[in-house]
Amino acid sequence: MNPNLSRTLTAQANEKVGETIKLQGWVDTLRDHGRVTFVDLRDKLGIIQCVITKKGDKLSDESVIEIIGKVNKRPENSVNKDLVTGTIEIDVSEYKVLNKCKELPIPVKSDGYEIDEELRLKYRYLDLRRERMHNILVMRSNFVRSLREGFFEQDFTEVETPLLSMGTSEGARNFLVPSRMAPGKFYALPQSPQQYKQLLMTAGVDRYFQLARCIRDEDLKFDRGFEFTQLDLEMSFVNESEVMSAVENSVKAAVKAVGSKLKEDPFPVIPYDEAIKKYGADKFDLRTEEEKKANVLAFAWVVKFPFFKKVDRKDASEVEESRSGWVFTHNPFSKPVDEHIEWHLKGENIDKIMTTQYDLVCNGLEVGGGSIRAHDPEVLKATYKIMGYSEEDMMKAIGHMVKAFELGTPPHGGLALGVDRIIMLLANEQSLKETIAFPMTRRGRTSVMDAPSIANPDHLKELGLAVNIGEESDVIFVRLKRLLDSEDVKYEVIEHRSVKTSEEAAEVRNTPMDIAPKAMILTKPDGGLVMVCIPADKKLDMKKASAVVGEKLKFADPEFVESELGVKVGAVPPFGKLFEIETYIDKSFWEKEKVAFNAGRRDRSIIMKASDLIKIAEPNPVSKDSDFKQ
RNA sequence: GGGGCGUUAGUUCAGUUGGCUAGAAUAUUCGCCUGUCACGCGAAAGGUCACGGGUUCGAGUCCCGUACGCCCCGCCA
């Protein structure tokens, strides 16, 4: 292979007829005709047909290959009109396999909708190879790039705000991050950069934007994930229409940049009460059936929202948030419309106060929202007063904002665009997951890597944390799992209701009692501990046990066991080594096939091969021939 | 948190009133083929029917439970 030959991409070969070029990419399709083999080589721009008449390395679908060959015009009768490169082909002089691909766990040639979504996420790196997904990623990149350019052209400054920050009490549930340096304390991941961006206005940035990752711990839906991307912006010295037009300019340019069509330009502006009357909701789809088929984007602004609503008494979280019976509809930092400021400051006609909020809707989804903010500290305080906050509670929650607003904050307003949702609409996809490179399942499990996962107990200790599920510690269960995983044995974890006795345990697991090693902690005269495991349906013969161990043994005090080992009596797994205690296992278990035991918690059991237990628990060898039963 | 649906070869799916030695397509492996472009032809291999119980002479199929997944509602300043 000629190392000096630089790479040519598939579509670029059209310009190089007659030349010898190097191509690198994936085997998209193989058509082996015996003496001649056609390989469709795929790279990020598309595919090209390569003709091999001299066989070398064995080829397989989706392997990564490098070929060198001459670009030839195809014979007239074998031109493929469906390909960008359909008039040419590569006469391969040499080729090699750079990375062989085994049998694929999921197909990558189809559009992928038919494949189980869980599998698509597990092998997301393959799933993204399919043309449909690749096109979405490229389109997303182009759209965001154009949006960015639009805001730069309008004199915005891009500023990053912290990911580790303070939680907000109202609104969505926060994701917490434990602090190592301040054990027992937590950061919250941002639900939006709302407060920071307003403080940037105080700082004189004047026009700010950011592609901000936002994180909310609420249940997932087709149009909502834990993490999402907002195009977040804020502007000083502006009114509603100025913010709206700055956003509209950039959005329109970006939509056009990716080749999509708009239904209406400029976007129609519809008051909230009219929308409710006409469409029954504050988000609506303005498209006709034909426009839906053509995937036209129907943007519209919704304005004139009420600032507050009555708390839904059935909704526990709203009741908790509001002490007065009123909660804000959109954003507590918004300013009411000028003509209602008097009412707002006095707390009168609360149900009639309108906010400066404006929402951007598109094809039935809310894709953005913002408002002019209350930069006057008295107005912001009045909002919290209406919700029933005491002066003290209010200062605790937003005192830092009030302070900034007393130190020269210009009037300002802004908006946040839901980038993922807009991409979903542009790509005409039915799920947000199709627009995100590595999304989560509905239950919050990550692509490819399978988080959330159990934390290392040492790491937890460093953070000053103990994991308790219910009232029991998780530590021994986790250590046991790690021990078993490290030994690479098969076992089954069963979660069940909390059980106290061996009978109950056997019942919930549906396993016989004689395969359950009951782990008993015994003390030696010198205070040292030993563990003796006998079938759960038998009683311990202390004389036999003492004889085998060679010391006079006594039952350890249950409270001592719980405090010393961190496990409740009855949930102690038959692995003394987890506690650095020598283990004896009654000889009857050497003949059993399976064992079932409580795994460090009264609500978890593990079923595994008896031989694996004996291998991993490393009992004192004499126990193989020892009987501890009465 | 409430409700609905689902889980059978690597993948996508069939599988009748309970009779199965569980099929097809595709992928994989091997063989044949010089003009295909989702090439074609022939052969082989591939399964703990999610897991655990139950009913039954007999369960992929019926019943109960668990896990996981998807959808709807709730929740999402």
Side-chain angles (χ1 to χ4, degrees), chain A residues 28-40 47-53 58 60-62 74-83 85-86 89 101-110 112-123 126 167-174 191-192 194-195 214-226 228 307-309 312 314-318 321-322 327-334 355 357 366 369 371 383-384 387 397-398 416 418 430-431 433 441-443 445 450 490 492-497 507-511 596 605 607:
Chain A
D28 193 80
T29 315
L30 267 178
R31 293 179 294 278
D32 185 350
H33 288 240
R35 290 282 194 69
V36 64
T37 300
F38 300 98
V39 181
D40 289 339
I47 65 173
I48 189 166
Q49 174 164 282
C50 306
V51 186
I52 296 173
T53 47
K58 181 156 170 45
S60 59
D61 269 6
E62 293 302 317
R74 286 202 197 187
E76 199 73 31
N77 58 358
S78 62
V79 164
N80 185 336
K81 293 189 297 271
D82 298 329
L83 288 184
T85 59
E89 62 187 11
C101 180
K102 295 184 178 175
E103 183 177 11
L104 293 164
I106 55 169
V108 300
K109 281 197 189 57
S110 65
Y113 292 120
E114 78 285 5
I115 306 163
D116 181 50
E117 195 171 60
E118 202 184 353
L119 272 178
R120 288 181 58 200
L121 296 188
K122 182 172 177 189
Y123 298 102
L126 290 179
T168 49
S169 57
E170 66 280 329
R173 203 177 287 124
N174 290 306
Q191 300 183 18
S192 93
Q194 179 71 31
Q195 300 191 27
C214 304
I215 297 131
R216 296 178 184 175
D217 190 3
E218 295 293 343
D219 286 0
L220 278 32
K221 284 188 64 139
F222 77 97
D223 65 344
R224 189 176 70 215
F226 281 146
F228 55 99
F307 203 140
F308 299 99
K309 64 174 180 185
D312 182 350
K314 283 173 287 184
D315 183 337
S317 72
E318 281 193 6
E321 266 168 40
S322 169
V327 280
F328 52 88
T329 60
H330 284 79
N331 187 332
F333 296 104
S334 297
T355 163
Q357 178 81 23
E366 182 192 326
S371 64
T383 304
Y384 278 78
M387 293 192 293
I398 51 149
Q430 301 303 307
S431 167
K433 294 188 196 113
T441 70
R442 185 74 173 257
R443 288 284 290 274
R445 300 204 72 82
D450 204 27
K490 278 194 180 168
E492 186 188 349
V493 176
I494 300 179
E495 293 186 28
H496 48 73
R497 69 181 154 84
E507 187 196 322
V508 293
R509 296 180 210 127
N510 281 308
T511 53
S605 290
I607 299 181

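Heavy-atom basis, side chains included; hydrogens, waters and symmetry copies ignored. Order of the sequence lines sets the chain letters (A, B, ...), proteins ahead of strands, with each chain counted from 1. All figures in this text were calculated on a predicted structure; none of them were measured in a lab.
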(message) Say we look at B:G1 and B:A45: how far apart would their C1' atoms be, to the nearest angstrom?
(response) 49 Å
(message) Please report the distance separating the C1' of B:U56 from the corresponding atom of B:G74, rounded so that it comes out in whole Å.
(response) 43 Å
(request) Look up atom CZ in A:R120 and atom OG1 in A:T441, then write down how far apart they are to the nearest 0.5 Å. (result) 13.5 Å
(message) Work out how far the C1' atom of B:C30 is from that of B:G46, and round it to whole angstrom.
(response) 15 Å
(request) On RNA chain B, check which nucleotide each of A:I47 and A:Q194 is closest to and give me the residue with the more 5' one. (result) A:I47
(request) Using only heavy-atom distances, decide whether a donor-acceptor pair under 3.5 angstrom links the side-chain of A:D116 to the base of B:G69. (result) no
(request) Specify the separation, in whole Å, of atom CD1 of A:I52 and atom P of B:U36. (result) 18 Å
(request) List the atom of A:L104, the atom of A:V108, and the distance in Å for their closest heavy-atom pair. (result) CD1-CG2, 4.4 Å
(request) Let me see the working for A:N174 and A:Q191 under side chain to side chain donor-acceptor pair (under 3.5 Å), right down to the final yes or no. (result) CA-CA 7 Å; A:N174 290 306; A:Q191 300 183 18; 2.6 Å; yes
(message) Work out how far the C1' atom of B:U11 is from that of B:G47, and round it to whole angstrom.
(response) 14 Å
(request) Check the distance between B:A27's P and A:L104's CG and give it to me in whole angstrom. (result) 11 Å
(message) Tell me the interatomic distance from A:D32, atom CG, to B:C39, atom C1', rounded to whole angstroms.
(response) 10 Å
(message) Just by distance, no angles: are the side chains of A:Q357 and A:N331 close enough, under 3.5 Å, to form a donor-acceptor pair?
(response) no
(message) Using the P atom as the point on both nucleotides, what is the distance between B:A27 and B:G40, in whole Å?
(response) 8 Å
(message) So, OP1 or OP2 of B:G74: does either fall under 4.0 Å of a side-chain N or O from A:K221?
(response) no
(message) When you measure from the side-chain N and O atoms of A:R31 to the phosphate of B:U36, is any distance below 4.0 Å, counting only OP1 and OP2?
(response) no
(request) Starting at atom CD of A:Q430, determine the distance to atom C1' of B:C71, rounded to an integer number of angstrom. (result) 13 Å
(message) Quick check: do A:F328 and A:T355 have side-chain heavy atoms less than 4.5 Å from each other?
(response) no
(request) Verify the contact: side-chain N or O of A:T29 to OP1 or OP2 of B:A38, cut-off strictly under 4.0 Å; return yes or no. (result) no
(message) Does the structure show a Watson-Crick or G-U wobble partner for B:G10, both distances under 3.5 Å? Name it, or say none.
(response) B:U26
(message) Under the criterion of centre distance below 5.5 Å and interplanar angle below 30°, is A:H33 classified as stacked on the base of B:C33?
(response) no
(request) Calculate the interatomic distance between A:R442 atom CZ and B:G74 atom C1'; express it in whole Å. (result) 12 Å
(request) Ignoring the backbone of A:D61, work out which of B:U11, B:A38, B:A27 is nearest its side chain. (result) B:A27
(request) Rounded off to whole Å, could you give me the CG-to-P distance for the A:D82 and B:U36 pair? (result) 15 Å
(request) Any strand is fair game: report the nucleotide pairing with B:C76 by Watson-Crick or G-U wobble, both distances under 3.5 Å, or none. (result) none
(message) Without decimals, in angstroms, what is the distance between A:E118 CD and B:C71 C1'?
(response) 15 Å
(message) Using the P atom as the point on both nucleotides, what is the distance between B:A24 and B:C33, in whole Å?
(response) 27 Å
(message) Suppose you measure atom C1' in B:G18 against the same atom in B:G4; what distance do you get, rounded to whole Å?
(response) 27 Å
(message) Rounded to whole Å, please give me the gap between CG in A:L30 and P in B:U34.
(response) 17 Å
(message) Rounding to an integer number of angstrom, what distance separates B:C5 and B:U66 when you compare their P atoms?
(response) 16 Å
